[in-house]
There are 2 protein chains.
Amino acid sequence: MDTETAGTPAPRRNTLTKEVVIRTAVALADEAGTGVPSMRRLGDRLGIEAMSLYHHFRNKDLILDGMIDLVFSEIELPPGDLPWQAAMRLRSASMRDALTRHPWAIRLMDSRTNPGRATLRHHNAVIGCLRSGGFSIAGSSHAMSVLDSYIYGFTLQELSLPFTSSAGLEDVAGSIMEQLPHEEFPHLSEMLADRGLKGDYAYKEEFDVGLGLILDGLERGREGWR
Amino acid sequence: MDTETAGTPAPRRNTLTKEVVIRTAVALADEAGTGVPSMRRLGDRLGIEAMSLYHHFRNKDLILDGMIDLVFSEIELPPGDLPWQAAMRLRSASMRDALTRHPWAIRLMDSRTNPGRATLRHHNAVIGCLRSGGFSIAGSSHAMSVLDSYIYGFTLQELSLPFTSSAGLEDVAGSIMEQLPHEEFPHLSEMLADRGLKGDYAYKEEFDVGLGLILDGLERGREGWR
DNA sequence: GGTTCTACCCTTACGCCGTAAGTGTAGCCG
DNA sequence: CGGCTACACTTACGGCGTAAGGGTAGAACC
C-alpha cells in the first residue's frame, strides 16, 4: 500500500485532491438551503483555511464548474438498447431528479461557460441516441433544444415553489386563495381552487404530461427535418 | 399642479417613490452585465445613501420582487380577439423578449415567492385565453405548465451562451471545435460542425420550432383533458 | 547526513456586500 | 409657536472573494 506505483505523481502530504474539494462543496451546498458554500465554509469543512483552496483552484469559478460537472455525471445516459423515446424518458427523469437533488445547480448553470467532461459526455450521448433513432442532424438539434428547454424550465419552476413537501401545498394554496382579489383575477382564482386545493396536483405527473406531448411531437416531425 | 387632490397622500419632500427606486434598479441591472445592483450602487444612482433605501423597503428582497413584477408588466398579454394559438405565440415571443432584455431576471425568478400584481394579471390572462380557447381547467393547467417551462428553459439556455451577437458565434464554435476531443464525442463534434460553423443557427427560428411543436401537441390534446 | 526544492497550507489585508441601530432635520399640522 | 412625522444620514458588524506574501514538511539529490 505504501509503494505507490500509479501513473499519478502520488502526492506527498495531506493530499487534498480537487475531487474531494468538489465533492465536499456539493455536499455542503445540498445541506440546508444555504446554496453554494463560501470559500471559508468550504475550508472549514475540509479542515483548511479558505485561502489554501486557491492552491488547488485558481478561483472560485473553477470550483463551481466542477460542481456542475459532478451533477451532470449523476445523470443517467440514454440507454442504447432502447427505442429513442423510452431512452429519452429515462434520461429526462434522471436529469430532473439530479436537478431536484441539487437545487442550487440550475441557478448556477447559466453562469458556467466551460463544460466539463461529464457534461460533454452527456450531450454527446443524447445526440447519439437521437441520431440512431432516425433523426437528422438538424432534427437532433431541434429535439435536444425542445427537450432540454422543457426539462430546465419545468425544474426551475418546480424549485421556485414556496413549499417542499406535498403536504405544505394545501396550506400555501389556501393562504394565497385568501389574499387574492378574486374579482380581479377570476381565472387564476378558479384554477387555484380547482387544482391547488384538491391536493392531487402531483408534479411528477405534470412533468410526464408535457414530456409525452413533446416526444409525440418530435416523432411526428422526425422525418420532416432534413 | 401644486394642489394635489389625488387619493395618494401626496408626499411632502423629495418624494422618492418606490416606483422610481425599482425603475432605477432595473435600469442599473440592465447596464453592463453587472447583474442586480448593490444597495450602495442603487443609492448612488438615486443620489442617496444606501441605508436610506430601507425607509422605503423593509429589505432588499422587496426591491427584487418589484423588479420582477416590472419585467412581467412589460410582457404583452395574449390578445382576446385572436385564436388561442396565435395569442399564445404573441405572448410567448413577448415573454422571451422581456427575459432577454433583462438577462438578470430569470436568475431571480426562482428566488421570488411573492408575485406582484402584474405577475398575477399575466397568469390570469393566459389562463383566460386558454379557457376561452376551449381548454378545461385541467387542460389549461397542463398547457400553461408546458408553455412556461419551455419559454423559461429556452431563454435560460439562450442566455447562458458565452456570446451575444450572432457574429461572435462562429468564433466560439470554432475555438470549441479545436479543443474538443473528436474521437471521444463524435456526435457532439458532428453537430457543432454542421450547426455551429454554418452560422445560420438562428435562435429566433429555433424558438419557434419548439413552440410550434408544443402548440400542435396542445391542440391535439385539447379535447382529451377533462 | 546535509542541503535544496517545492507542494501545501497559513496570515494579513483590501474593498466589497446587506443591514441593525441610532441620529438629525425639513416641512406640515395643530 | 410646538410637536410630529417622513425622509435621509452615520456608524458599525459580520461575511464575502481574493491579492500578496510567509512558513514548513518531506521527497530528491549530493
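Letters A, B, ... mirror the listed sequences (proteins, then strands); counts begin at 1.
Not a single donor-acceptor contact under 3.5 angstrom links the side-chain atoms of Arg40(A) to the base of dG15(D).
Ionic pairing of Glu31(B) and Arg41(B) is not present here: no N-O contact between side-chain nitrogen and carboxylate oxygen is shorter than 4.0 angstrom.
Atom P of nucleotide dA8(D) and atom CZ of Phe57(B) are separated by 12 Å, given to the nearest angstrom. Taking atom CZ of Arg41(B) as the reference point, atom C1' of dG18(C) lies 14 Å away to the nearest angstrom. Rounding to whole angstrom units, CG of residue Leu46(A) and P of dC8(C) are separated by 14 Å. At whole-Å resolution of the value, CD1 in Ile63(A) and P in dC16(D) are 14 Å apart. In this entry the distance linking NE2 of His56(B) with C1' of dA6(D) reads 9 Å, nearest Å. Note: CG (Asp44(B)) to C1' (dC9(D)) measures 14 Å, nearest angstrom. Computed from coordinates, the Lys60(A) NZ to dG15(D) C1' distance equals 12 Å when rounded to whole Å. Atom CG of Leu53(A) is separated from atom P of dC16(D) by 13 Å (rounded to the nearest Å).
Side-chain atoms of Met39(A) lie closest to dG17(D) of the nucleotides dC17(C), dC10(C), dG17(D). If you check dC16(D), dA7(C), dG18(C) against the side chain of His55(A), the one that comes closest is dA7(C). The nucleotide whose nearest atom lies closest to any side-chain atom of Tyr54(A) is, among dG17(D), dA8(D), dC9(C), dG17(D). In the set dC9(C), dT19(C), dG17(D), the nucleotide with an atom closest to the side chain of Met51(B) is dT19(C). When the nucleotides dT18(D), dC9(C), dT19(C) are ranked by their closest atom to the side chain of Ala50(A), dT18(D) comes out on top. Side-chain proximity of Ser52(B) to the nucleotides dT19(C), dT18(D), dA8(D) is greatest for dA8(D). Side-chain atoms of Glu49(A) lie closest to dT11(C) of the nucleotides dT11(C), dG17(D), dT19(C).
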Give the dot-bracket string for DNA chain D, reading 5' to 3', where a pair is Watson-Crick or G-U wobble with both distances under 3.5 Å, ( ) marks pairs inside the strand, [ ] marks pairs crossing earlier ones, | marks a partner on another strand, and . marks unpaired.
||||||||||||||||||||||||||||||

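Seen from the ring of Phe207(A), Arg96(A) counts as a face-on cation partner, given the 6.0 Å and 45° thresholds.
Annotation for Glu74(B): atom CD counts as buried by contact number, over 12 foreign heavy atoms lying within 6.0 Å. Around CD of Gln157(B), the count of heavy atoms belonging to other residues, nucleotides or ligands within 6.0 Å exceeds 12.
Separating the CG atom in Leu147(A) from the CZ atom in Arg89(A) is a distance of 10.5 Å, to the nearest 0.5 Å.
The only member of Leu70(A), Leu28(A), Thr17(A) that meets side-chain contact (heavy atoms from CB on, under 4.5 Å) when paired with Arg23(A) is Leu70(A).
Each of Ser38(A) and Arg58(A) was assigned the nucleotide of DNA chain D with the nearest heavy atom; the assignment lying further toward the 5' end belongs to Ser38(A).
Ring orientation note: the planes of Phe72(B) and His123(B) are nearly perpendicular, at an angle over 60° on the 30°/60° scale.
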